[in-house]
Peer 1: 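If you scroll down you'll find the structure; I have some questions about it.
Quantities reported herein were computed from a predicted structural model and do not represent experimental measurements. Counting from 1, the numbers follow the sequence of the chain as shown.
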Amino acid sequence: MSVKKAIEDIKQGKIVLVYDFDDREKETDMTLCSAFVDYEKVRTLRKDAGGLLCVTTPYALAEEVGLPFLSDIFWDCSDKYPLLKDMAPTDIPYDRTKSSFGITINERRTYTGITDKDRALTIKSYAEVLFSDKPIEEKKKEMGERFRAPGHVHLLNTSDAILKNRKGHTELCTALMIMAGVTPSATICEMMGDDGGPRSKEEVMKYAEEKGVTFITGDEIIAAWNEFSEKE
């Protein structure tokens, strides 16, 4: 089963490819565990994927630390900035839930924040701080000390029940990390094509074969997640 192979790859810090669904985005994301990110991996995502580089956080932890959905920030500020209310993402064509986008961050030791080395530093530091065994108040303090916002790494919050009320790449890739038993944060980046759209499933599968990278689908992940959840 390809999900088992993907889980083994993730445990080893490798990149895997996740296609969502034919009736959703029809996109493939490169993903790996955020704790294993380095600048070579960021360079691969930038060059071979080319989409937006993002980092996921499980809903409960984001809530506990105080990392909001960006749409909630906009809504709360809408009295002062009414345009933000008018721009609420209520018409996403492939999704009927709110956007998973959270805030953007840079590690304070970065320079511009956008280079491969800068983004790798931000992502790896984020995983170290947020998923440490320290008490939550210490995590909050360290987050404020180690990061500034806005920045060049986009955070994504999962829905409150992973793969129940939302089945996007944020949830699919985070579920993979949880099943692999690694730090439950996925670094993801969409694979773009040269025709102005996403790289097709067929092209991605060819890339996977040529590069020796595991390719899996959303349906495979959901089936494995349902089995995993029943055991848990």
Peer 1: Classify the ring geometry of Phe69 against Tyr59: parallel below 30°, tilted from 30° to 60°, perpendicular beyond 60°.
Peer 2: tilted

Peer 1: Between Asp48 and Tyr207, is there a side-chain donor-acceptor contact under 3.5 Å, judged purely by atom types and distance?
Peer 2: yes

Peer 1: Should Leu32 and Asp9 be marked as a side-chain contact (heavy atoms from CB on, under 4.5 Å) after you check the CA-CA gap, both sets of side-chain angles, and the distance that decides it?
Peer 2: CA-CA 9 Å; Leu32 75 155; Asp9 288 348; over 6 Å; no

Peer 1: Do Ser2 and Glu220 come within less than 4.5 Å of each other through their side chains, counting heavy atoms only?
Peer 2: yes

Peer 1: Taking side chain as C-beta onward, heavy atoms only, is Tyr126 less than 4.5 Å from Val55?
Peer 2: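 Touching, per the 4.5 Å side-chain cut-off.
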
Peer 1: First locate atom SG of Cys77, then atom CG of Leu83, and finally report the distance between them rounded to the nearest 0.5 Å.
Peer 2: 12.5 Å

Peer 1: Between the main-chain N or O of Gly151 and the side-chain N or O of Thr104, is there a donor-acceptor pair closer than 3.5 Å?
Peer 2: yes

Peer 1: Any side-chain donor-acceptor pair under 3.5 Å between Asn165 and Ser159?
Peer 2: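 Judged by distance alone, the side chains do pair up.
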
Peer 1: Does the ring of Phe147 carry Arg108 above it, NZ/CZ under 6.0 angstrom from centre and within 45° of its axis?
Peer 2: no

Peer 1: State, yes or no, whether a side-chain contact exists between Ile222 and Leu172 at a heavy-atom distance under 4.5 Å.
Peer 2: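 A side-chain contact under 4.5 Å exists here.
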
Peer 1: Measure the spacing between CD of Glu171 and CG of Asp160 and express it to the nearest 0.5 Å.
Peer 2: 9.5 Å

Peer 1: Within the structure provided, determine whether Asn157 and Phe101 are in side-chain contact (heavy-atom separation under 4.5 Å).
Peer 2: no

Peer 1: Check whether Ile114 and Val153 end up in the same hydrophobic cluster, where Ile, Leu, Val, Met, Phe, Trp and Tyr are linked by side-chain heavy atoms less than 4.5 Å apart.
Peer 2: no

Peer 1: For a side-chain contact (heavy atoms from CB on, under 4.5 Å) check, start with the C-alpha distance between Ile103 and Ile73, then their side-chain angles and the critical distance, and finish with the verdict.
Peer 2: CA-CA 9 Å; Ile103 65 170; Ile73 295 176; 3.8 Å; yes

Peer 1: Can a donor-acceptor pair be found between the side chains of His169 and Glu190 at a distance below 3.5 Å?
Peer 2: no

Peer 1: Could you pull out the closest heavy-atom pair between Ala120 and Asp38, with the gap in Å?
Peer 2: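 In this case the closest contact between Ala120 and Asp38 is CB-C, 3.5 Å.
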
Peer 1: How far apart are the closest heavy atoms of Thr44 and Met30, and which atoms are they?
Peer 2: O-SD, 4.2 Å

Peer 1: First locate atom CE of Met179, then atom CD1 of Ile7, and finally report the distance between them rounded to the nearest 0.5 Å.
Peer 2: 4.5 Å

Peer 1: Do you know which two heavy atoms are closest between Lys124 and Ala35, and how far apart they sit?
Peer 2: NZ-O, 2.5 Å

Peer 1: Measure the acute angle between the ring planes of Tyr19 and Phe215, then classify it against the limits of 30° and 60° as parallel, tilted or perpendicular.
Peer 2: tilted

Peer 1: Would you mind reporting whether Phe36 and Val182 have side-chain heavy atoms less than 4.5 Å apart?
Peer 2: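 They are in side-chain contact.
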
Peer 1: For residues Met143 and Val37: do they belong to one hydrophobic cluster (side chain heavy atoms under 4.5 Å, members Ile, Leu, Val, Met, Phe, Trp, Tyr)?
Peer 2: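 Yes, one cluster joins them.
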
Peer 1: Hey, does the side chain of Asp116 reach the backbone of Tyr39 with a donor-acceptor pair shorter than 3.5 angstrom?
Peer 2: no

Peer 1: Using distance alone, with no hydrogens and no angle criterion, decide if Thr56 and Thr174 have a side-chain donor and acceptor under 3.5 Å apart.
Peer 2: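 Their side chains do contain a donor-acceptor pair, which is all the 3.5 Å distance test asks for.
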
Peer 1: Give every residue pair that meets the salt bridge (charged side-chain N to carboxylate O under 4.0 Å, His left out) criterion with at least one member in residues 135-153, sequence neighbours excluded.
Peer 2: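 Listed by first then second residue: Glu107-Arg146, Glu128-Arg146, Lys134-Glu142, Glu137-Lys140, Lys141-Glu145, Glu142-Arg146.
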
Peer 1: Which heavy atom in Ile15 sits nearest to a heavy atom in Val213, and how many Å separate them?
Peer 2: O-CG1, 3.3 Å

Peer 1: Answer with yes or no whether the hydrophobic clustering places Ile178 together with Val3; edges join I, L, V, M, F, W, Y residues whose side-chain heavy atoms lie under 4.5 Å apart.
Peer 2: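 Yes, one cluster joins them.
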
Peer 1: Give the intermediate values and the outcome of side-chain contact (heavy atoms from CB on, under 4.5 Å) for residues Met205 and Glu209.
Peer 2: CA-CA 6 Å; Met205 292 176 73; Glu209 185 176 353; over 6 Å; no

Peer 1: I'd like to know whether CG of Asp86 has more than 12 heavy-atom contacts from other residues, nucleotides or ligands below 6.0 angstrom.
Peer 2: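 Check passes, neighbour count above 12.
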
Peer 1: Would a hydrophobic clustering, with Ile, Leu, Val, Met, Phe, Trp and Tyr connected at side-chain separations under 4.5 Å, put Val16 with Phe228?
Peer 2: yes

Peer 1: Is there a donor-acceptor pair closer than 3.5 Å between any side-chain N or O of His152 and the backbone N or O of Thr112?
Peer 2: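 Between the backbone of Thr112 and the side chain of His152 there is a qualifying donor-acceptor contact (under 3.5 Å).
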
Peer 1: State, with a plain yes or no, whether a side-chain heavy atom of Ser78 is found less than 4.5 Å away from one of Phe74.
Peer 2: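 Answer no - side chains too far apart.
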
Peer 1: Given Val18, which of Val204, Ile221, Ile188, Thr28 fulfils the side-chain contact (heavy atoms from CB on, under 4.5 Å) condition?
Peer 2: Ile221

Peer 1: Quick one about Ser34 and Thr187 (side-chain donor to acceptor, distance below 3.5 Å, no hydrogens or angles considered), yes or no?
Peer 2: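 Yes, Ser34 and Thr187 have a side-chain donor paired with an acceptor closer than 3.5 Å.
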
Peer 1: Report yes if the side chains of Arg109 and Ser125 come closer than 4.5 Å at any heavy-atom pair, otherwise no.
Peer 2: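 Yes; the side chains approach each other to less than 4.5 Å.
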
Peer 1: Assess whether side-chain contact (heavy atoms from CB on, under 4.5 Å) is satisfied between Leu176 and Ile10, documenting all intermediate values.
Peer 2: CA-CA 8 Å; Leu176 268 181; Ile10 287 166; 3.8 Å; yes

Peer 1: Which value, rounded to the nearest 0.5 Å, describes the distance between Thr170 atom OG1 and Leu156 atom CG?
Peer 2: 4.0 Å

Peer 1: Identify the heavy atoms of Ile105 and Ala149 that sit nearest to each other, and give their distance.
Peer 2: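 Taking Ile105 first and Ala149 second, the nearest heavy atoms are CG2-CB, 4.4 Å.
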
Peer 1: About how many Å separate CG of Asp29 and OG1 of Thr31, when rounded to the nearest 0.5 Å?
Peer 2: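 Between atom OG1 of Thr31 and atom CG of Asp29 there are 7.0 Å.
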
Peer 1: I want to check something: taking the side chain as every heavy atom from C-beta on, are Phe21 and Lys26 in contact at a cut-off of under 4.5 Å?
Peer 2: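 SC-SC contact between Phe21 and Lys26 ruled out.
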
Peer 1: Has Glu203 got a side-chain atom pairing as donor or acceptor with Ser200's backbone, closer than 3.5 angstrom?
Peer 2: yes

Peer 1: Would you kindly say whether Asn106 and Thr122 are connected by a side-chain donor-acceptor distance under 3.5 Å?
Peer 2: no

Peer 1: Looking only at non-hydrogen atoms, find the nearest pair between Met177 and Pro184 and report the distance.
Peer 2: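 Scanning both residues, the minimum pair turns out to be CB-CA, 3.9 Å.
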
Peer 1: Would Trp75 and Leu155 show up in the same hydrophobic cluster when neighbours are defined by side-chain heavy atoms closer than 4.5 Å?
Peer 2: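 No, Trp75 does not connect to Leu155 through the hydrophobic network.
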
Peer 1: CD of Glu64 to CG of Leu130: how many Å apart, nearest 0.5 Å?
Peer 2: 9.5 Å

